[in-house]
Amino acid sequence: MSQTAKYLKDYRAPDYRIPEIRLRFDIHHDHTLVTAEYAVEPQSGAGDLRLHGSAELVGLMVNGRMLPETEYRLENEMLVVHRAPAQPFTFSVQTKLFPHQNTTLMGLYQSGGNLYTQCEPEGFRKITFHPDRPDVMSVYTTEIHADKARFPVLLANGNRIDGGDLPEGRHFAVWHDPFAKPSYLFALVAGDLACTRDRFTAADGREIALEFYTRAEDQSQVGFAIESLKHAMRWDETRFGLVYDLDIYMVVAVGDFNMGAMENKGLNIFNTKYVLADARTATDDDFDGVESVIAHEYFHNWTGNRVTCRDWFQLSLKEGLTVFRDQEFSADRSSRAVRRIRNTALLRRHQFPEDAGPMAHPVRPASYVEMNNFYTMTVYEKGAEVVRMYHTLLGEEGFQKGMKLYFQRHDGQAVTCDDFRAAMADANGIDLAQFALWYSQAGTPVLDVSGSLNGQGAYVLRIKQSIPPTPDMHDKQPMMMPVKIGLLDDTGAAVAFSLPNSGESVTEAVLLLTESEQEFVLEGVNVNVTPSLLRGFSAPVRLNFPYSDAQLALLLAHDSDPFARWEAGQTLFRRAVAANEQALTRQQDLPAHDALFDALAHVIRAEIDPALKAELLTVPAEEELWGSENIHPLNVHHAREALLNALAVRFQDDILAVNLQAKSAEENAAVPNPYDYYPEQAEWRTLRNVCRSLLLRANPQEQMEYVFEHYDEMAKNMTHEWGLLAAVNHVDDPRRDALLARFAEKFGEHALVLDKYFALIAGSRRDDTPAQVQAALQHPAFAPTNPNKVRALIGTFARNNRHFHAENGAGYRFVAEKVRETDALNPQTAAVLARTAFSVCQRLEPQRRALMTAELQQLAAWDALSKDTREIVEKILAG
């Protein structure tokens, strides 16, 4: 089946503007009639009006005249109106929708008897016929008619301007959004929902109504989300000078949702996962997720809504920038150091492999087949790192100058990544032309660094940059990037230096790398030093420096930069796992890892931030430990497990002492309830859960018995409960099954908690996990139409390397089968599952590569495979 690609180079401005749109939704029990009336302004004289759409067409009118079929054609989801008027005209189209049959969760769909929309990126065309492209921006007025008893709540974008009762038990509401927006930001909700209200006083003195809509039984769980929203609104006013612009801000939570949330202007629709939270049902990580996503979608009001994307190739313009903003918000709310480490770990675990595989693409893709497939870690997380590099290069003051100029120039417009870069450059009088390569070159740059004293009172750093070939481009040009560095002496103390012609002595500097090979002279250095490189993860690159184990241990123990300290430990962990893998392959005794364990002894006993200590004790994920090719996933798995077991046994007494210290700190905190969510308490619980996991490894049967006997008194909140279950989840003991069964029964009415249950089942290293996953598919709470459930069970199993990469290929067959079943219901969810599971195919060792390839070939041979999933599968097979 041929796939039609769209190319950035082919962009052309729209032939027609649509400055105003009036929509009317007549909702009935088994269908919805949609009437769309457009004010159309031709941009280049008469011609064909081309509109995308897949809804059932009922009728068309131009300037009030019904069009006969001879004046238009409809084929391949494209409506072409022949010889449209050359002067401004009114165009009306009526469509008929069947939301209860829509399992794709795009366009207008039904969930739990209520109606919701999801229009990003191209869902509006499932509702009506429209250009459905981001650079066609309109002022929307939306009128909704429905049965009042069944649909008492009627919501759309903007401010409500009218409403009332109608004959036959129906009612209506009219919403008007005064800010022009693209069709992907349109939203509508109709249903029987409970509303939790609050207010926010904006910096300009206006009172903003805050309304959160949920199922009635979930209403008690929205308090934290409301407070998170108010924190985000105040932070955006303080840090960026951005004030909310409508009279009302609404959030609607729905359990059936493809994404995390959607920033529709004034009417955000959220996955329940990122709204509902209380200490009984949500972990500290869940609370963090709610706060982050609530903030992210709110920040989109300016970076995405008021200034939006010209075309979908520019997706990172809004997403990368807004991820950076929500990361900064989270860093200002709690430990900045730990947030930076976690963001980096996420990037390395998911985006670096994306850059190294068949799905590699630039932050601004040059082409796409299905736009849904470009909501990727590269666009979001690497895009955020690109924005962060602006901030590192320009500083807070320079970055804010660039942001102000960006809004001055482009408020109310649909623009490009180049427009953002130009604002940063012009506001600061700096040439950022070379920096544009970050948007057009895929792949993770590699920095090979060496350093030495030159005998003339200076330390010389030599940096060589390279970018591996990717499927879209072989030869790459040198990038502009900031490299933040420091120096430590043999005692771990910072060493001062100066850059040539600066005259200023510093202990940290940002070096600007612009060439393939570059030399930096750090003057005033007369002692042996260990360089602290890429501090704060100042650029999204891989770094190679010939550190000795002793130098890494020095950095881990003493570096003042938390990221550099963590990175030294991660490097030691990587070396230890690699040494274990080699020993296991050769059937030799495992190495002692003295340098690593000596450094960890210092970390365990250090008086440092508990969350940072937890990060320093965390071994890299298996995916981070894989090489670039010929991967043996189970060899890495066993080598990592062996290191964790050795660490647990070596430090059992120390870890027990740390756990008791953390327990005391949590329980004796000066807070109303130490088990509710507070950032400081969360840090101690993070450390406690790391300790629990290690203690159980050191003595599994004794710890299993203790957890089973004292579970109820230990499970003070969901963070504790999850930590306990995650620790025992891999133990081959019937008491583990009993605890999970009790957990599922206890929270049988809580869909989000049952997602945790499914994730535990699918993530276990036990031999019987594949059988337990098969049984979980029959669980009454598992629904193949619900993306959260599919991600929790099938998605987690696809990341369970022990079982997914089973030598006989059974894991590959199972997930491929589920991809096909899911694709028939929801192509977007299926495509993400296929990408997550199979992108590693061409990097596997030959036997597993052949097994995975066979499953992918069978998927590709299925004629009914959606274009979403087909694009992923064919790219992986092409390598």
Side-chain angles (χ1 to χ4, degrees), residues 258 346 349-360 370 372-378 621-626 631-634 636-637 755 758-759 761-765 769-770 773-774 776-777 782 784 786-845 847-862 865-866 868-879:
N258 284 333
L346 178 72
R349 191 176 306 129
H350 300 293
Q351 195 280 321
F352 276 21
E354 191 168 273
D355 253 351
M359 298 304 298
E370 173 50 56
N372 283 327
N373 289 335
F374 277 97
Y375 285 77
T376 62
M377 294 295 292
T378 296
E622 290 176 21
E623 292 81 0
E624 289 184 63
L625 300 167
W626 290 346
I631 298 168
H632 287 256
L634 294 193
V636 174
H637 170 77
D755 291 344
F758 290 126
I761 292 290
S764 176
R765 297 189 297 270
T769 290
V773 170
Q774 289 286 357
L777 290 170
F782 182 79
N786 180 265
N788 286 352
K789 296 293 181 288
V790 173
R791 286 188 283 260
L793 187 64
I794 313 304
T796 300
F797 181 82
R799 293 188 299 275
N800 183 336
N801 292 315
R802 181 175 175 214
H803 294 295
F804 177 62
H805 291 288
E807 195 168 357
N808 62 3
Y812 304 154
R813 284 194 298 278
F814 171 73
V815 174
E817 173 189 329
K818 295 307 165 189
V819 167
R820 184 161 68 173
E821 291 175 4
T822 304
D823 189 73
L825 299 168
N826 188 327
Q828 188 173 352
T829 299
V832 171
L833 180 59
R835 182 175 66 214
T836 301
F838 299 123
S839 287
V840 72
C841 180
Q842 302 301 336
R843 297 164 58 207
L844 292 170
E845 50 83 18
Q847 180 180 336
R848 286 184 173 82
R849 183 166 66 243
L851 290 168
M852 188 178 283
T853 297
E855 299 300 332
L856 289 167
Q857 287 172 336
Q858 288 194 38
L859 275 174
W862 187 43
L865 196 67
S866 70
D868 304 61
T869 307
R870 181 171 299 281
E871 180 183 19
I872 300 295
V873 170
E874 291 182 349
K875 282 188 173 182
I876 294 171
L877 287 171

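Atoms considered below: every heavy atom in the structure, side chains included; atoms not considered: hydrogens, waters and symmetry mates.
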>> Using the side-chain contact (heavy atoms from CB on, under 4.5 Å) criterion, which residues pair with H803? Sequence neighbours excluded.
In response: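 For H803 the side-chain contact (heavy atoms from CB on, under 4.5 Å) partners, ignoring immediate neighbours, are T769, P770, F797, N800.
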Just wondering, do [Y] and [X] contact through their side chains at under 4.5 Å, heavy atoms?
X	Y	answer
R848	L634	yes
K818	L793	no
V832	Y375	no
W626	H632	no

Would the distance check show the side chain of [X] and the main-chain N or O of [Y] forming a donor-acceptor pair, the cut-off being under 3.5 Å?
X	Y	value
R835	E354	no
R813	L851	no
Q351	L346	no

Rounded to the nearest 0.5 Å, what separates atom [atom1] in [X] from atom [atom2] in [Y]?
X	Y	atom1	atom2	result
Q842	I876	CD	CD1	8.5 Å
T378	M359	OG1	CE	9.5 Å
H637	R765	NE2	CZ	6.0 Å
D868	D823	CG	CG	7.5 Å
N786	N826	CG	CG	9.5 Å
Q858	L865	CD	CG	12.5 Å

Restricting to non-hydrogen atoms, name the atom on [X] and the atom on [Y] that form the minimum distance, rounded to 0.1 Å.
X	Y	answer
P784	L825	O-CD1, 3.9 Å
V815	A798	CG2-CB, 4.3 Å
V636	E622	CG1-O, 4.1 Å
V840	A837	CG1-O, 4.2 Å
R843	A356	CD-O, 4.0 Å
E623	R349	CB-O, 4.2 Å

Salt bridge (charged side-chain N to carboxylate O under 4.0 Å, His left out) filter on E871, not counting sequence neighbours, yields K875
So salt bridge (Lys or Arg N to Asp or Glu O under 4.0 Å) across residues 788-811, not counting sequence neighbours, yields D755-K789, D767-R802
Fill in: From CA spacing to verdict: side chain to side chain contact (heavy atoms under 4.5 Å, CB included), F352, E624
CA-CA 9 Å; F352 276 21; E624 289 184 63; over 6 Å; no
**OP:** Could you give me the CA-CA distance, side-chain angles and deciding distance for E821 and I794, then say whether side chain to side chain contact (heavy atoms under 4.5 Å, CB included) is met?
**Re:** CA-CA 12 Å; E821 291 175 4; I794 313 304; over 6 Å; no
Check your understanding: So does E817 pair up with R820, basic N to acidic O under 4.0 Å?
Key ->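 Salt bridge between E817 and R820, a charged N being under 4.0 Å from a carboxylate O: no.
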Under the side chain to side chain contact (heavy atoms under 4.5 Å, CB included) criterion, do T869 and L859 qualify, and how do the steps go? CA-CA 9 Å; T869 307; L859 275 174; 5.5 Å; no
message = Using the rule given for side chain to side chain contact (heavy atoms under 4.5 Å, CB included), can you reason through F804 versus M852, listing the C-alpha separation, both sets of side-chain angles and the distance that settles it, and then say yes or no?
response = CA-CA 10 Å; F804 177 62; M852 188 178 283; 3.9 Å; yes
